[in-house]
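Input: a single structure, listed below in structure tokens.
Proteins get letters first, then strands, A, B, ... in listed order; numbering begins at 1 in each. This structure is a prediction, so every number in the text was calculated from the model and none was measured.
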There are 2 protein chains.
Amino acid sequence: MMVRRSRSPRGSGEQLRGEIISAATQLLVEHGTRDAVSIRAVAGAVGVTSPSIYLHFADKDELIDAVTAQYFEQLDEVLGDAGDGLPDPMDRALAQGLAYVRFAIGTPVLYELAFTHTPNCDKESMVDEVLAAAAFMRFSQTVQDLIDDGVYPAGDLVTSVLELWSAAHGVASLMISKPHLPWGDDLRLAETVLRSVCVGRATLAQ
Amino acid sequence: MMVRRSRSPRGSGEQLRGEIISAATQLLVEHGTRDAVSIRAVAGAVGVTSPSIYLHFADKDELIDAVTAQYFEQLDEVLGDAGDGLPDPMDRALAQGLAYVRFAIGTPVLYELAFTHTPNCDKESMVDEVLAAAAFMRFSQTVQDLIDDGVYPAGDLVTSVLELWSAAHGVASLMISKPHLPWGDDLRLAETVLRSVCVGRATLAQ
DNA sequence: TGTACATCAGTGAACGCGCGTTCACTGATGTAC
DNA sequence: TGTACATCAGTGAACGCGCGTTCACTGATGTAC
């Protein structure tokens with residue numbers, strides 16, 4: 001049943017924009033399919049007609065970009081919550097890595113969308129990258145602390161971050177796309193992989 | 001320009017089937033987009049009309065399944081070529097892991113398709129899994145050899161395979177979806193991650 | 001050897017559908033005088 | 001204080017498109033007699 005929302009007051013065009021992004025996100029989560037997101041479906045969920053979407057987004061691509069941007073912001077918050085209050089870099093790295101995997105497998109369709117959707121490649125990809133950067137930089141700080149602590153070998157910071165990110169992403173992504181494999185009940189496998197990379201990377205450098 | 005192929009002789013329906021799969025694969029590779037594969041496009045590429053496709057596949061999903069199945073078979077061959085003649089399990093594991101990553105990033109759209117497309121879930125997913133199993137079992141043998149050699153800790157074999165697979169998949173998948181990140185020119189980062197997991201996993205177990 | 005017939009790979013035309021997007025519009029809200 | 005007007009968030013109807021799929025058919029090939 002579609003409920004017609006009441007008209008927004010003058011200044012508050014921004015509010016509908018937010019509702020649209022949330023509706024698109026919710027559609028993805030609930031239907032579990034990428035193509036549950038059509039302009040019509042989103043508009044219907046918000047309680048508005050489809051052309052209204054174009055008052056807030058140039059086209060569908062821009063809407064999807066906004067959805068993934070918000071998703072990356074949420075990811076950053078999750079990493080923040082997971083790492084705060086853990087002074088030991090190794091503990092923090094592990095906690096953030098596991099939080100990353102947990103967040104990903106908790107929202108599989110969104111995660112896949114964020115890592116499959118190719119934005120308009122030139123400027124758009126930059127925007128995407130910049131918004132992802134909050135989480136990226138947060139994790140980079142953790143890795144820097146690992147290096148300062150001597151746990152992780154010194155070297156190019158970004159490269160080190162990519163190594164650990166690849167490990168976390170690998171577990172999350174594979175768990176999402178092949179859920180029937182015997183992953184076990186918790187994230188022990190994820191923890192093993194993350195720990196192994198940290199420990200092994202340190203050993204390799206010696 | 002579309003070339004009408006001549007009619008197949010009586011028994012050789014199988015031949016067209018193969019051509020259809022190849023054409024679909026090629027369309028994906030050349031256009032670099034998932035939705036370059038439509039029944040019409042595939043039929044056109046083969047030189048046949050669209051209804052002909054349905055003489056060989058029940059529906060589009062079954063065609064896509066066949067494409068990914070063939071892709072997994074190719075993957076198995078690649079792993080075989082990479083590992084043959086390397087008696088040391090560690091060398092072989094590394095060679096196969098790097099070959100995996102190289103194969104994946106060489107055919108990014110197919111790789112994404114194979115790891116995103118959700119088959120009909122019940123029986124179909126089994127078929128998919130079984131066909132993937134050739135590569136899976138080949139790599140499992142390598143990991144078993146690693147264990148026998150004492151490089152990798154004893155324990156559940158499948159779990160160990162998943163750990164290493166996750167690592168290789170993580171690098172490959174992230175390189176594909178975020179190609180603008182500074183991955184370096186060759187697969188050194190992939191090698192580092194794979195080595196780290198092996199070494200680190202051994203250290204953890206002690 | 002010749003003819004009638006069954007087979008079946010492939011055709012041509014069409015179906016209904018949902019999609020992204022456009023365009024002229026409406027009508028409540030705020031502002032100027 | 002009252003009225004005319006500009007603004008602009010949102011509407012309703014429609015566009016063209018490409019899609020997956022269906023259906024009655026054609027016509028070359030092989031087979032039975």
Side-chain angles (χ1 to χ4, degrees), chain A residues 1-24 27-28 31-68 113 117-120 124, chain B residues 1-24 27-28 30-67 113 117-120 124:
Chain A
M1 174 170 87
M2 137 138 186
V3 180
R4 168 91 21 101
R5 74 198 297 278
S6 54
R7 183 206 186 86
S8 291
R10 259 318 171 78
S12 59
E14 286 303 302
Q15 189 197 330
L16 180 53
R17 189 189 148 91
E19 287 181 40
I20 291 171
I21 297 175
S22 296
L27 276 173
L28 284 166
H31 285 73
T33 309
R34 217 191 206 75
D35 34 57
V37 176
S38 68
I39 294 286
R40 283 166 224 260
V42 172
V46 177
V48 122
T49 60
S50 3
S52 302
I53 305 295
Y54 293 90
L55 295 174
H56 301 274
F57 301 93
D59 53 21
K60 192 186 177 182
D61 252 38
E62 205 175 289
L63 168 57
I64 300 291
D65 283 352
V67 169
T68 69
L113 184 76
H117 178 247
T118 34
N120 291 347
E124 299 300 336
Chain B
M1 174 167 90
M2 134 140 188
V3 180
R4 169 91 22 101
R5 73 198 297 278
S6 55
R7 185 204 184 88
S8 290
R10 259 316 172 80
S12 59
E14 286 303 301
Q15 189 197 330
L16 179 53
R17 189 189 147 90
E19 287 181 41
I20 291 171
I21 297 175
S22 296
L27 275 173
L28 284 165
E30 284 178 359
H31 284 73
T33 308
R34 218 191 204 75
D35 32 58
V37 177
S38 68
I39 295 286
R40 283 165 223 260
V42 172
V46 177
V48 121
T49 60
S50 2
S52 303
I53 305 295
Y54 293 90
L55 296 174
H56 302 274
F57 301 93
D59 52 22
K60 192 186 177 182
D61 252 37
E62 206 174 289
L63 168 56
I64 300 291
D65 283 352
V67 169
L113 185 76
H117 178 248
T118 34
N120 292 345
E124 298 300 337

Please report the interatomic distance CD1(B:Ile21) to CZ(B:Phe57), rounded to the nearest 0.5 Å. 4.0 Å

Euclidean distance, atom CD1 of residue A:Ile20 to atom C1' of D:dA9 [Å, nearest integer]: 11 Å

D:dG20 pairs with, by Watson-Crick or G-U criteria that keep both distances under 3.5 Å: C:dC15

Between OH of B:Tyr54 and P of D:dG20 the distance, given in whole Å, is 6 Å

Looking at the base of D:dG18, is there any donor atom on it, or on the side chain of B:Arg40, that sits under 3.5 Å from an acceptor on the other one? no

Rounded to the nearest 0.5 Å, what separation is found between the CG atom of A:Asp59 and the CD1 atom of A:Ile64? 10.0 Å

Atom pair OG1/CG of A:Thr68 and A:Leu28 - distance to nearest 0.5 Å: 10.5 Å

Closer than 4.0 Å, any side-chain N/O of B:Ser52 to the OP1 or OP2 of C:dG10? no

Starting from C1' on D:dA9, measure out to NE2 on A:His56 and report it in whole angstrom. 7 Å

Closest to the A:Leu55 side chain: D:dT21, C:dC23, D:dG10? D:dG10

Checking all strands, does A:Ser38 fall into the base, sugar-phosphate, or nothing category for heavy-atom contacts under 4.0 angstrom? sugar-phosphate

Using both distances under 3.5 Å as the test, list the Watson-Crick or G-U wobble partner of D:dT26, or none. C:dA9

Mind checking the CZ-CD1 spacing from B:Arg17 to B:Ile53? Nearest 0.5 Å is all I need. 11.0 Å

Nucleotide C:dG20, atom C1' - distance to CD1 of A:Ile64 in whole Å: 12 Å

Take atom CZ of B:Phe57 and atom P of D:dG20, then tell me their distance rounded to the nearest Å. 14 Å

Starting at CD1 of B:Ile53 and ending at P of C:dA9, how long is that distance when rounded to a whole Å? 14 Å

Checking contacts here: which listed nucleotide (D:dT21, D:dT11, C:dG20) is nearest the side-chain heavy atoms of B:Asp59? D:dT21

If you compare every side-chain N and O of A:Ser50 against the phosphate oxygens of C:dT21 (OP1, OP2), does one of them come in below 4.0 Å? no

Kindly compute the distance separating CG (B:Leu27) from OG1 (B:Thr33), expressed to the nearest 0.5 Å. 11.0 Å

Distance in angstrom units between A:Arg34 CZ and C:dG18 C1', rounded: 19 Å

Which nucleotide sits closest to the side chain of B:Ile39: C:dG10, C:dT21, D:dT21? D:dT21

Would you mind pulling out the nucleotide paired to C:dT31, Watson-Crick or G-U wobble, both distances under 3.5 Å? D:dA4

Check the distance between D:dT21's C1' and B:Glu62's CD and give it to me in whole angstrom. 14 Å

